[in-house]
Amino acid sequence: MQIEVKCSCGAENCPEWAIVELQGVVEVQPSHRDGIQNLEIGRLCRPSSDEKYTLTIGYHELSGTKVTLKKPLAVLKKVKRTDDGDQGDGSSSGKVELDVVGVIRHKILFKTRPKALISRKFSTNSHFLNHSSSSICSFIVCVDFFIDLNRRTS
Amino acid sequence: MEQPHSILTGAEAVLNVQPNSSLSVTYDTLFGSSDNHMLLELHDEILPDLLHQSITLRGEPNEDVVLCTLSKTYAVKFVGTSNSVFLIPPSRHQFTQNGQQSVASVIEISPGNMELIETAPRLDRLKTLLAQNPYSSMEALQADDMEDDSKESKMGLCTWHDLVNKIQASDDELRNGLEALSAVEIDGFWRIVDEKYMGEILTMLLQNSILNDWSLDKLDEDEVVTSLVTDGFPHKLAYHCLHVYGSEVDEARGKSCVWTLDARRVCVHFARQVLGVGKMKLERFMEMWLKKIPDGMNANLEMLEGEVLTEKVGIEMWVRGFSVASLPSNPAERFSVLFRERPKWESKDLQHYIRDLKVPGLSSEGLLLKYTRRTQPTQDAEPVFTAR
């Protein structure tokens with residue numbers, strides 16, 4: 001089977017997305033676990049004119065920099081198109097396509113050990129940061145990964 | 001009312017944080033509610049095809065997926081990370097909603113991204129698919145009788161569209177693969193023609209050349225095709241015969257094309273015919289082979305490199321058919337078959353059986369290094385290759 005990769009936004013108009021990346025996992029306090037939408041994760045600051053950034057999550061402060069990706073990343077979204085003139089086939093007669101919805105050229109990367117800001121008061125202590133060093137794993141992806149994207153890697 | 005000055009939000013905010021300023025990073029309203037986005041590493045070389053909507057992912061659901069541009073094939077590898085990668089899209093709203101806070105919202109946490117590794121097209125399947133239903137003389141005869149094209153007879157046959165969906169190769173590589181198999185499109189289906197049938201057409205062509213006193217290196221396309229059609233062969237196959245055994249000569253001046261028969265291809269065909277019965281003594285083979293070669297054509301053993309293997313048995317030289325075209329295109333499988341055929345190979349023979357192997361990033365020396373063990377008994381002796 002074939003899955004077409006389309007770029008509906010057109011060449012130069014591909015919107016630029018951003019990535020903020022940190023080592024470890026951000027965990028939400030149990031009291032806030034239902035409905036984390038719109039919840040603040042933290043604050044991203046640029047203290048000076050240098051390309052240096054801090055990210056404060058809960059009582060941790062991370063230091064990082066803006067990194068230009070060696071190879072830009074395309075952001076793809078799965079799209080299901082139903083064929084015109086569908087003869088009431090009912091079942092998965094839609095065609096799966098991938099649409100490029102954006103491109104990422106830079107990310108803000110935090111890879112230092114977090115600094116604990118224990119002397120400050122935090123009113124919304126809704127997050128704590130579980131810091132760990134990163135590890136990379138890789139495997140070959142099967143075609144049906146693109147069909148059923150509910151599977152997440154662990 | 002004051003005009004709200006445009007405060008950046010979303011990805012733009014993150015990428016343009018001004019000195020001495022900060023912004024709030026939040027979970028988006030839609031966080032966790034939609035399908036994951038996929039991140040794909042972009043190589044410069046795939047950009048043009050991407051912008052022309054010429055990139056596709058190909059494969060059966062149970063196969064490893066490949067990404068194809070118009071001319072190349074890439075294996076897709078998912079690289080996961082234990083880092084938290086917060087994906088932030090451009091803002092949906094031009095101005096912020098709550099007062100003057102600059103906010104960037106995270107739509108999801110990406111588990112990793114996909115990398116592309118250039119890879120050889122997977123064309124072995126093409127060979128197997130087309131070999132299931134070779135076009136034979138029987139079918140040609142039946143085609144003449146059939147008025148309607150009944151769908152049942154088309155079972156198991158592949159159109160270009162079918163092939164593109166089944167074979168993990170780019171369009172260009174697929175076309176080259178079909179060319180390499182001497183496949184031909186008949187009634188919209190891609191077919192391999194049964195070797196015996198092709199032989200019949202070639203033999204008839206050669207006979208007609210003698211009857212009409214045609215020069216084998218200046219064959220007139222119209223004349224040849226017309227004569228073969230008169231002899232009962234389909235037009236398409238008559239033309240295909242020229243294509244398989246000859247090459248067009250650039251002299252056509254608005255008239256019928258001129259073709260020249262390729263000596264090597266014709267001689268290889270007859271060698272295969274002779275060795276179809278099995279191995280034989282070299283002397284006997286040469287006798288039979290040379291008898292079949294058309295007048296004016298010169299045949300020599302060098303033409304059969306990569307097509308036959310010779311071996312000394314006792315004091316006699318024997319020869320048997322062993323065609324590189326019949327071997328798998330995957331390097332590991334290829335070497336496995338080669339070493340099963342012969343445990344020890346000399347370079348002068350082996351090179352012809354790996355000359356068509358194309359692995360991006362590996363030269364033929366690299367291939368030998370990777371898949372064989374090289375030994376050289378003495379400094380003067382020829383190096384010998386064995387399985388690893």
Side-chain angles (χ1 to χ4, degrees), chain A residues 1-7 11 15-26 36-49 53 55 71-78 98 100-104 106 108 132 134-147 149 152-153, chain B residues 11-12 14-15 17-32 35-43 50-51 53 55-65 67 75-90 104-106 110-114 164-165:
Chain A
M1 56 184 297
Q2 253 203 116
I3 298 171
E4 286 172 25
V5 178
K6 298 242 155 103
C7 196
E16 194 166 346
W17 289 43
I19 279 177
V20 168
E21 184 175 341
L22 44 95
Q23 290 177 339
V25 174
V26 170
I36 58 171
Q37 288 78 9
N38 295 315
L39 191 64
E40 182 180 86
I41 299 171
R43 283 203 75 82
L44 176 69
C45 306
R46 184 180 173 186
S48 70
S49 54
Y53 297 82
L55 180 63
K71 289 202 186 93
L73 292 173
V75 185
L76 305 174
K77 190 141 178 92
K78 184 179 80 169
L98 288 177
V100 177
V101 297
V103 68
I104 301 169
H106 309 280
I108 315 250
S132 61
S134 65
S135 61
I136 307 282
C137 60
S138 69
F139 54 89
I140 307 292
V141 63
C142 283
V143 175
D144 55 12
F145 172 76
F146 292 90
I147 316 302
L149 288 174
R152 286 273 287 240
T153 54
Chain B
E12 285 171 304
V14 172
L15 297 169
V17 187
Q18 293 305 299
N20 292 309
S21 59
S22 69
L23 61 99
S24 173
V25 180
T26 65
Y27 290 109
D28 191 271
T29 314
L30 298 175
F31 184 89
D35 271 346
N36 287 352
H37 291 83
M38 283 171 280
L39 302 178
L40 173 69
E41 219 177 44
L42 287 176
H43 296 205
L50 179 61
L51 299 174
Q53 326 277 25
I55 297 215
T56 58
L57 296 168
R58 292 184 180 173
E60 299 294 323
N62 61 332
E63 283 179 321
D64 299 338
V65 68
L67 181 145
V76 180
K77 189 166 88 155
F78 182 83
V79 180
T81 176
S82 60
N83 280 6
S84 291
V85 175
F86 292 115
L87 190 61
I88 300 170
S105 53
V106 175
S110 303
N113 63 262
M114 292 181 293
V164 155
N165 276 286

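Letters A, B, ... are given to chains in the order of the sequence lines, protein chains preceding strands, and every chain is numbered from 1. Since we're looking at a predicted model, the values are computed, not measured.
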(message) I need the minimum non-hydrogen distance between A:Cys45 and B:Ser22, along with the two atoms involved.
(response) SG-CB, 3.4 Å
(request) Would you mind checking which part of A:Pro72 comes under 4.5 Å of any heavy atom in chain B, side chain (CB onward), backbone (N, CA, C, O), both or neither? (result) both
(request) Find the distance between CG (A:Leu73) and CD (B:Glu41) and round it off to the nearest 0.5 Å. (result) 6.5 Å
(message) Please classify the contact of B:Asn20 with chain A as side chain, backbone, both or neither, using a heavy-atom distance under 4.5 Å.
(response) both
(request) Determine the minimum heavy-atom distance between B:Leu15 and A:Glu16, stating which atoms define it. (result) CD1-OE2, 3.6 Å
(message) Between B:Ser105 and chain A, with a heavy-atom cut-off of 4.5 Å, which part of the residue counts as in contact: side chain, backbone, both or neither?
(response) neither
(request) Would you name the heavy atoms of B:Phe31 and A:Gln37 that are closest together and state the gap between them? (result) O-NE2, 2.8 Å
(request) Tell me, for A:Ser49 versus chain B, whether the close heavy atoms (under 4.5 Å) come from the side chain, the backbone, both or neither. (result) both
(message) Which one wins on heavy-atom pair count under 4.5 Å against chain A: B:Val14, B:Val17, B:Leu23?
(response) B:Leu23
(message) Is it the case that the side chains of A:Asn38 and B:Thr29 hold a donor-acceptor pair, with the cut-off being a distance below 3.5 Å and no angle test?
(response) yes
(message) What's the separation between atom CD1 in B:Ile55 and atom NZ in A:Lys6, rounded to the nearest 0.5 Å?
(response) 13.0 Å
(message) To the nearest 0.5 Å, what is the distance between CG on B:Asp28 and CD1 on A:Ile36?
(response) 10.5 Å
(message) For the backbone of A:Gly24 and the side chain of B:Ser84, can you confirm whether one donor and one acceptor N or O come within less than 3.5 Å of each other?
(response) yes
(request) Enter the distance from B:Asn165:CG to A:Ile3:CD1 here, rounded to the nearest 0.5 Å. (result) 10.5 Å
(request) Report the C-alpha separation of A:Ile104 and B:Leu87 in whole Å, then their side-chain angles, then the decisive distance to 0.1 Å, and conclude whether the side-chain contact (heavy atoms from CB on, under 4.5 Å) test is met. (result) CA-CA 10 Å; A:Ile104 301 169; B:Leu87 190 61; 3.6 Å; yes
(message) Is B:Gln18 close to chain A through its backbone or its side chain, or both, or neither, when contacts mean heavy atoms under 4.5 Å?
(response) backbone
(message) Give me the atom names and distance for the closest heavy-atom approach of A:Pro15 to B:Pro90.
(response) CB-CG, 3.7 Å
(message) As an exercise: rank A:Arg46, A:Lys71, A:Glu4 by heavy-atom pairs under 4.5 Å with chain B and give me the winner.
(response) A:Arg46
(message) I'd like to check A:Ile19 versus B:Leu39 (side-chain heavy atoms, cut-off strictly below 4.5 Å). Are they in contact?
(response) yes
(message) Below 4.5 Å, heavy-atom pairs only: which of B:Ala104, B:Ser21, B:Gly32, B:Ala75 has the largest tally toward chain A?
(response) B:Ser21
(request) Could you look at A:Ile108 and say if it's the side chain, the backbone, both or neither that has a heavy atom under 4.5 Å from chain B? (result) side chain
(request) Any chance you could measure B:Met38, atom CE, to A:Lys77, atom NZ, to the nearest 0.5 Å? (result) 9.0 Å
(request) State the CE-CD distance between A:Met1 and B:Glu60, to the nearest 0.5 angstrom. (result) 8.0 Å
(message) So which atom in A:Gln2 and which in B:Thr56 form the shortest heavy-atom distance, rounded to 0.1 Å?
(response) OE1-CG2, 3.0 Å
